[in-house]
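Written below as structure tokens is the structure these notes are about.
Here the structure is a predicted model, which is why all the values come from computation and not from measurement. We number each residue from 1, following the sequence as shown.
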Amino acid sequence: MILVDSTIVTVAMPALMSGLHADIGAAVWVTSAYLLAYAVPLLITGRLGDRYGPKRVYLVGLTIFTLASLWCGLTGTITGLIVARVVQGLGAALMSPQTMSVITRLFPPQSRGQAMGLWGAVAGVATLVGPVLGGVLVDTLGWEWIFFINVPVGLLAMVLAWRLVPTLDTHAHRFDWIGVVLSAVGLFCIVFGIEEGRSYDWSTITGPITVWRLIGFGVLVMIAFVVWQARQRTEPLVPLRLFRDRNFSVANVAITTVGFAVTSTMFPIMIWAQSVRGLSPTYAALLMAPMAVISGGLAPVVGRLVAQTHPRTLAGIGLLSYAVSLVWMRAVLRADMPLWELLLPAALLGVANGFMWAPLSTSATANLDRREAGAGSGVYNTTRQIGSVLGSAAIALAMEDRLAAHLPGSSGAAPTMGGAGGTMPPQVAEAFSAAMGDALLVPAAVILVGAVVVMAFERPRHQRA
């Protein structure tokens, strides 16, 4: 449900911008505000699952998410939509760590890879269902229905979760409230500063508060948080001993680059398809169909390989394939290109997604004690979402920068021409295509770093036994 919601909004962005009379900066905040509210509380919500039970916390988050989706669809202003997306992000933050925690606690390391593989297959299906469903809804009923569709899905999910998800043992954790405050304040200042930096020209926000001072303050608070966690002898919010496990540390760095790349990839492609080629949201989404089909088919296969194969091999194939596919897209992205040429790198993206998720998530949790499943899941999901927020901010900056370079005087306004394909002069369309292609090199470079990092994986304990 969370993954469909993320992809469905990307496809509907041009229609949403037109319907709410929003520019690209405000429209990006529809995604960024959601990711901000999603990322900041994850350390806390992971621990809540340990304390009150993952099923109970999941159901609370699902209720908030579903009601916020209704609010999103009913709003008539871009500001109201952004506020509703914040609430929706909070619901997602309650839900997300519980899914990984349940898998970690139910399955032993030897069979956990298959469970994570099936989990990844659901992600692959979501990458297809989200864009295509979003396109159909936008084309037929309007952008509001990309949010209304969550209501019946949410109600069904509540019934299924209540009946089918087991009630697991809880642990009587003490909450480190000082750690809660420090982590929330630090993460918020860093993420908000990065997200809003371009809006304030990386200068003054208000009075003596500048973007860089806010980010710097957030970094200092997070350093204080780490020091505080190191001094806790009872129940730290984040047990730093988790990072003594090399695979946990490597997986967290790698998933940050994956979150960055996955979030930032779709936006330039969807904007290009609808603005330059004039495709409807549905047809634009179908350009990514090979990615979703191959990813969904490969994920269970890779899941079965995880138990015996060195994680650096599987994760390395996935992350390197992702980087290559984006460079390939940059090479072929032209205003008059045959669309089938884009399907080939999209298929390689599917291979990449099929190989990435299960090895990373399994390696992150394989050596963890089950009592720390919630804390480990919270950290893992936090680093992934921080990567997503950074990717959302970075791709907007990259698109604006490359548009200014290829179309002097555009100031990043060109993407507002969603759906106007065929009305662009050929020179403008070609320059626009080059700008969107250049922007794709940013996530390619970041995930290539992740491909290097995963080479530091070692065999998990259950493979060495």
Side-chain angles (χ1 to χ4, degrees), residues 3 99-128 245-259 261-262 288-326 344-368 370 373 376-377 380-381 383-384 387 447-465:
L3 289 169
T99 61
M100 189 173 174
S101 178
V102 167
I103 292 174
T104 301
R105 292 174 63 180
L106 283 181
F107 294 90
Q110 295 85 348
S111 59
R112 197 175 297 158
Q114 294 183 48
M116 291 292 186
L118 184 57
W119 193 51
V122 173
V125 172
T127 58
L128 174 61
D245 178 63
R246 180 198 289 188
N247 283 2
F248 182 79
S249 298
V250 170
N252 274 277
V253 175
I255 199 62
T256 303
T257 67
V258 170
V262 169
M288 293 294 105
M291 176 187 74
V293 172
I294 293 174
S295 172
L298 267 181
V301 177
V302 175
R304 288 193 291 272
L305 295 175
V306 166
Q308 297 86 25
T309 309
H310 202 302
R312 76 162 65 113
T313 301
L314 300 177
I317 291 172
L319 273 69
L320 184 61
S321 296
Y322 204 108
V324 170
S325 67
L326 294 184
L344 299 178
L348 185 57
L349 269 182
V351 173
N353 275 280
F355 274 89
M356 289 190 312
W357 298 102
L360 291 179
S361 56
T362 304
S363 298
T365 60
N367 297 333
L368 297 187
R370 293 192 179 195
S377 298
Y380 184 80
N381 279 280
T383 55
R384 176 170 64 89
I447 203 165
L448 186 60
V449 172
V452 174
V453 168
V454 298
M455 293 299 103
F457 270 136
E458 60 184 5
R459 285 191 179 274
R461 289 173 194 158
H462 69 271
Q463 288 189 9
R464 301 196 301 263

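- The distance from atom CG of Leu348 to atom CG of Asn353, rounded to the nearest 0.5 Å, is 10.0 Å.
- Under the side chain to side chain contact (heavy atoms under 4.5 Å, CB included) rule, Ile447 has a single partner from Val262, Val324, Thr257, which is Thr257.
- The minimum heavy-atom distance linking Arg459 with Pro311 is given by the pair CA-CD, 4.5 Å.
- Going from atom OH of Tyr322 over to atom CG of Leu448 covers 13.5 Å, rounded to the nearest 0.5 Å.
- Across every non-hydrogen atom of Val453 and Val250, the tightest pair is O-CG1, 3.6 Å.
- Contact record, Ala115 with Ile103: CB-CG2, 3.8 Å, taken as the closest heavy-atom pair.
- To the nearest 0.5 angstrom, Leu298 atom CG is 12.0 Å from Met356 atom CE.
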(request) In sequence, state the C-alpha distance, the side-chain angles, and the governing distance for Ser363 and Phe457, and then conclude on side-chain contact (heavy atoms from CB on, under 4.5 Å). (result) CA-CA 8 Å; Ser363 298; Phe457 270 136; 3.6 Å; yes

(request) Show the numbers, then the answer: is there a side-chain hydrogen bond (donor to acceptor under 3.5 Å, both in side chains) between Asn252 and Thr383? (result) CA-CA 6 Å; Asn252 274 277; Thr383 55; 3.0 Å; yes

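- The CZ atom of Arg312 sits 13.0 Å away from the CD1 atom of Ile317 when rounded to the nearest 0.5 Å.
- Across every non-hydrogen atom of Ser361 and Tyr380, the tightest pair is N-OH, 3.3 Å.
- Annotation for Ile294 and Gly350: closest pair CG2-C, 3.8 Å, computed over non-hydrogen atoms.
- Among all heavy-atom pairs drawn from Ala315 and Leu360, the shortest one is CB-CD2, 4.1 Å.
- Residues satisfying the side-chain hydrogen bond (donor to acceptor under 3.5 Å, both in side chains) criterion with Thr99, sequence neighbours excluded, are absent altogether.
- The CH2 atom of Trp357 sits 4.5 Å away from the CD1 atom of Ile255 when rounded to the nearest 0.5 Å.
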